[in-house]
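Just so you know, these numbers come straight off a predicted model, no measurement behind them.
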Amino acid sequence: SPARAVAWDVLCAVRAGALVDRAFAERSAHLGPEDRRLARELVYGVLRLRGRWDRLLARRVEGGLERLEPEVLDALRLGVHQLLELDRVPAYAAVDESVEIARAAAGPGAAGLVNAVLRRIAREGVRIADEFPDAGADPVGYLSTWGSHPRPLVERWVARWGPERAAALVEANNRVPPVALTPLGLSRDEALRRLAEAGISARAAPPASESVEIEPADLERALACVPAVVQDPAAALVVEYADLPADACVADLCAAPGGKALRLAVSCRRVVACDASRARLARLVENARRAGVARLP
């Protein structure tokens, strides 16, 4: 499917050194909203839980994961993530799509391996107690595999704060965060009202006074009914703390993707937004046009 093909392509690009947000934006631009949501979940889900999936896969691939071509390993990761994390994806679809990706990447032998490994997982399931180190006896091993965190980082956390606090940190890091929006040209209360009318669940997002939180799946619909930018509430605080007067002229010299510059554009007399990266500046222009809050040269 287009969504899975894009997700695999993004994972390959990230492995080659690309930044995940840029790689995803470039490769998913042609997808519709539903496919883009699935591709996003696959990319970020696989990257978030890669340590967990690699532990499961290594126990089922004879000779270890090191013998696999990286493109085939990414296909396996996509398949196991769908099997074990995405309830709405049928098992046959998760397996068959991953098999076709592997076939296109490395031929029929790789497709056969991916088919055998994923069908075994789909058939037998996974018992955490049998697959992963015991959390009490080996907290570092458990948190670095099931928790999917780098082992040296987990070792440092456990030594500094103990197993329970380290586990809480890992759990928090693995939680899928909501998406935060900063409304442009309207109050948070008005934004919440419009979102509610559109059937979108939203709530205030402190510490910023104007930010709102929505579920990731509602992002496209939310941006269609509320002029806003995707922005972490902490970043939104920069504009609040600056507290610039309405007649101010502002130069934002590192502006992309434009959250702060566009927020200032609705309250200040003039904002000149610059960035050293042409690609990131293009995202700023796209956001400005979508929100309709800035005059563009």
A.B. asks: Sub-3.5 Å donor-acceptor pair from the side chain of R22 to the main-chain atoms of A18, do we have one?
C.D. replies: no
A.B. asks: Find the distance between CG (L78) and CG (L73) and round it off to the nearest 0.5 Å.
C.D. replies: 10.0 Å
A.B. asks: Looking at every non-hydrogen atom in both residues, tell me the closest pair between P233 and P206 and how far apart they are.
C.D. replies: CB-O, 4.0 Å
A.B. asks: Quick check: does any side chain N or O of T182 sit under 3.5 Å from a backbone N or O of S211, one acting as donor and the other as acceptor?
C.D. replies: no
A.B. asks: Applying side chain to side chain contact (heavy atoms under 4.5 Å, CB included) to L143 and W157, what does each step give before you reach the verdict?
C.D. replies: CA-CA 10 Å; L143 294 175; W157 285 357; over 6 Å; no
A.B. asks: Does either side chain, that of R263 or that of Q231, offer a donor lying less than 3.5 Å from an acceptor on the other one?
C.D. replies: no
A.B. asks: For E124, is the CD atom crowded, meaning more than 12 foreign heavy atoms sit under 6.0 Å from it?
C.D. replies: yes
A.B. asks: Where do L181 and A228 come nearest, in terms of heavy atoms and distance?
C.D. replies: CB-CB, 4.2 Å
A.B. asks: So, E197 and R194, do they make that salt bridge, N to O below 4.0 Å?
C.D. replies: no
A.B. asks: Might you point out which heavy atoms bring A7 and L42 nearest each other, and give the distance in Å?
C.D. replies: CB-CB, 3.8 Å
A.B. asks: To the nearest 0.5 Å, what is the distance between CG on N115 and CG on D96?
C.D. replies: 7.5 Å
A.B. asks: If we ignore hydrogens and angles and just use 3.5 Å, is the side chain of W146 paired with the main-chain N or O of P133 as donor and acceptor?
C.D. replies: no
A.B. asks: State, yes or no, whether a side-chain contact exists between W53 and E85 at a heavy-atom distance under 4.5 Å.
C.D. replies: yes
A.B. asks: What closest approach, in Å, do V158 and A166 show between heavy atoms, and which atom pair accounts for it?
C.D. replies: CG2-CB, 3.8 Å
A.B. asks: Same hydrophobic cluster for L264 and L281, using side-chain heavy-atom links shorter than 4.5 Å among ILVMFWY?
C.D. replies: no
A.B. asks: What distance separates L68 CG from L113 CG, expressed to the nearest 0.5 Å?
C.D. replies: 6.0 Å
A.B. asks: Is there a side-chain contact between D252 and V272, using heavy atoms and a 4.5 Å cut-off?
C.D. replies: no
A.B. asks: Check for me, please, whether V179 and Y44 land in the same ILVMFWY cluster - side-chain distances under 4.5 Å, paths through other members count.
C.D. replies: no
A.B. asks: Does A198 offer a backbone N or O that forms a donor-acceptor pair with the side chain of R221 under 3.5 Å?
C.D. replies: yes
A.B. asks: Apply the test side chain to side chain contact (heavy atoms under 4.5 Å, CB included) to residues L38 and E34: give CA-CA distance (whole Å), side-chain angles for both, the deciding distance (0.1 Å), then the verdict.
C.D. replies: CA-CA 6 Å; L38 176 57; E34 290 295 329; over 6 Å; no
A.B. asks: For A205 versus R188, what's the shortest heavy-atom pair and its separation?
C.D. replies: N-NH1, 3.7 Å
A.B. asks: If every non-hydrogen atom of V117 is compared with every non-hydrogen atom of R60, which pair is closest and at what distance?
C.D. replies: CG2-O, 3.9 Å
A.B. asks: May I ask you to say whether D21 pairs ionically with R40, meaning some side-chain N is under 4.0 Å from a carboxylate O?
C.D. replies: no
A.B. asks: Would a single hydrophobic cluster contain both V89 and V46, if residues Ile, Leu, Val, Met, Phe, Trp and Tyr are joined by side-chain heavy-atom contacts under 4.5 Å?
C.D. replies: yes
A.B. asks: If only atom types and distance count, is the side chain of R36 paired as donor or acceptor with the main-chain N or O of L31 below 3.5 Å?
C.D. replies: yes
A.B. asks: Any side-chain heavy atom of E100 within less than 4.5 Å of one from R4?
C.D. replies: no
A.B. asks: With a 4.5 Å heavy-atom cut-off, do E71 and C12 have their side chains touching?
C.D. replies: yes
A.B. asks: Could you go through R193 and E190, starting from their C-alpha distance and side-chain angles, then the distance that decides it, and tell me whether this counts as salt bridge (Lys or Arg N to Asp or Glu O under 4.0 Å)?
C.D. replies: CA-CA 5 Å; R193 185 187 67 77; E190 175 63 15; 2.5 Å; yes
A.B. asks: Mind running salt bridge (Lys or Arg N to Asp or Glu O under 4.0 Å) on R55 and E131 for me, showing each step along the way?
C.D. replies: CA-CA 8 Å; R55 169 81 177 194; E131 303 275 1; over 6 Å; no
A.B. asks: How far does CD1 of I101 sit from CG of L11, to the nearest 0.5 angstrom?
C.D. replies: 9.0 Å
A.B. asks: Take L57 and I121, measure what side chain to side chain contact (heavy atoms under 4.5 Å, CB included) needs, and give me the verdict at the end.
C.D. replies: CA-CA 9 Å; L57 294 170; I121 292 174; 4.2 Å; yes
A.B. asks: Please confirm whether the backbone N or O of V229 pairs with a side-chain atom of N287, one donor and one acceptor, at under 3.5 Å?
C.D. replies: no
A.B. asks: Please lay out, stage by stage, how R151 and E155 fare under the test salt bridge (Lys or Arg N to Asp or Glu O under 4.0 Å).
C.D. replies: CA-CA 6 Å; R151 187 178 182 92; E155 289 174 344; 3.3 Å; yes
A.B. asks: If you count every heavy atom of other residues, nucleotides or ligands that lies below 6.0 Å from R67 atom CZ, does the total exceed 12?
C.D. replies: yes
A.B. asks: Under a 3.5 Å distance rule, please check whether S144 uses its side chain to pair with a backbone N or O of G141 as donor and acceptor.
C.D. replies: yes
A.B. asks: Could D74 and R15 be called an ion pair, given the rule that one side-chain N must be under 4.0 Å from one carboxylate O?
C.D. replies: yes
A.B. asks: Around atom CD of E164, are there more than 12 heavy atoms from other residues, nucleotides or ligands closer than 6.0 Å?
C.D. replies: no
A.B. asks: Would you indicate whether D134, at its atom CG, is surrounded by more than 12 heavy atoms from other residues, nucleotides or ligands within a distance under 6.0 Å?
C.D. replies: yes
A.B. asks: Keeping R269 on the side-chain end and C249 on the backbone end, is there a donor-acceptor pair under 3.5 Å?
C.D. replies: no
A.B. asks: Using only atom types and a distance under 3.5 Å, with no angle test, would you say the side chain of R280 pairs donor to acceptor with the backbone of A256?
C.D. replies: yes
A.B. asks: Backbone N or O of V6 within a donor-acceptor pair of the R27 side chain at under 3.5 Å?
C.D. replies: no
A.B. asks: Is any side-chain heavy atom of W161 less than 4.5 Å from a side-chain heavy atom of L169?
C.D. replies: yes
A.B. asks: Could you walk me through whether R290 and E286 pass salt bridge (Lys or Arg N to Asp or Glu O under 4.0 Å), step by step?
C.D. replies: CA-CA 6 Å; R290 176 185 49 75; E286 178 186 349; over 6 Å; no
A.B. asks: Determine whether L84 and L56 satisfy the following criterion, side chain to side chain contact (heavy atoms under 4.5 Å, CB included), listing intermediate values before the conclusion.
C.D. replies: CA-CA 11 Å; L84 300 181; L56 292 175; 3.7 Å; yes
A.B. asks: Out of curiosity, does L83 fall in the hydrophobic cluster containing V126 (side-chain heavy atoms, cut-off under 4.5 Å, transitive links)?
C.D. replies: yes
A.B. asks: Hey, does E41 have a side-chain heavy atom less than 4.5 Å from the side chain of H81?
C.D. replies: yes
A.B. asks: Look at E215 together with R203 and state whether they make a salt bridge at an N to O cut-off of under 4.0 Å.
C.D. replies: yes
A.B. asks: Flag yes if V271 and L284 sit in one hydrophobic cluster, no otherwise; membership is Ile, Leu, Val, Met, Phe, Trp, Tyr, and two members link when side-chain heavy atoms are under 4.5 Å apart.
C.D. replies: no
A.B. asks: When you compare the side chain of S201 with that of I214, does any pair of heavy atoms fall below 4.5 Å?
C.D. replies: no
A.B. asks: Do E97 and L118 have side-chain heavy atoms sitting under 4.5 Å apart?
C.D. replies: no
A.B. asks: Output the distance between atom OG (S187) and atom CG (L192), rounded to the nearest 0.5 Å.
C.D. replies: 8.0 Å
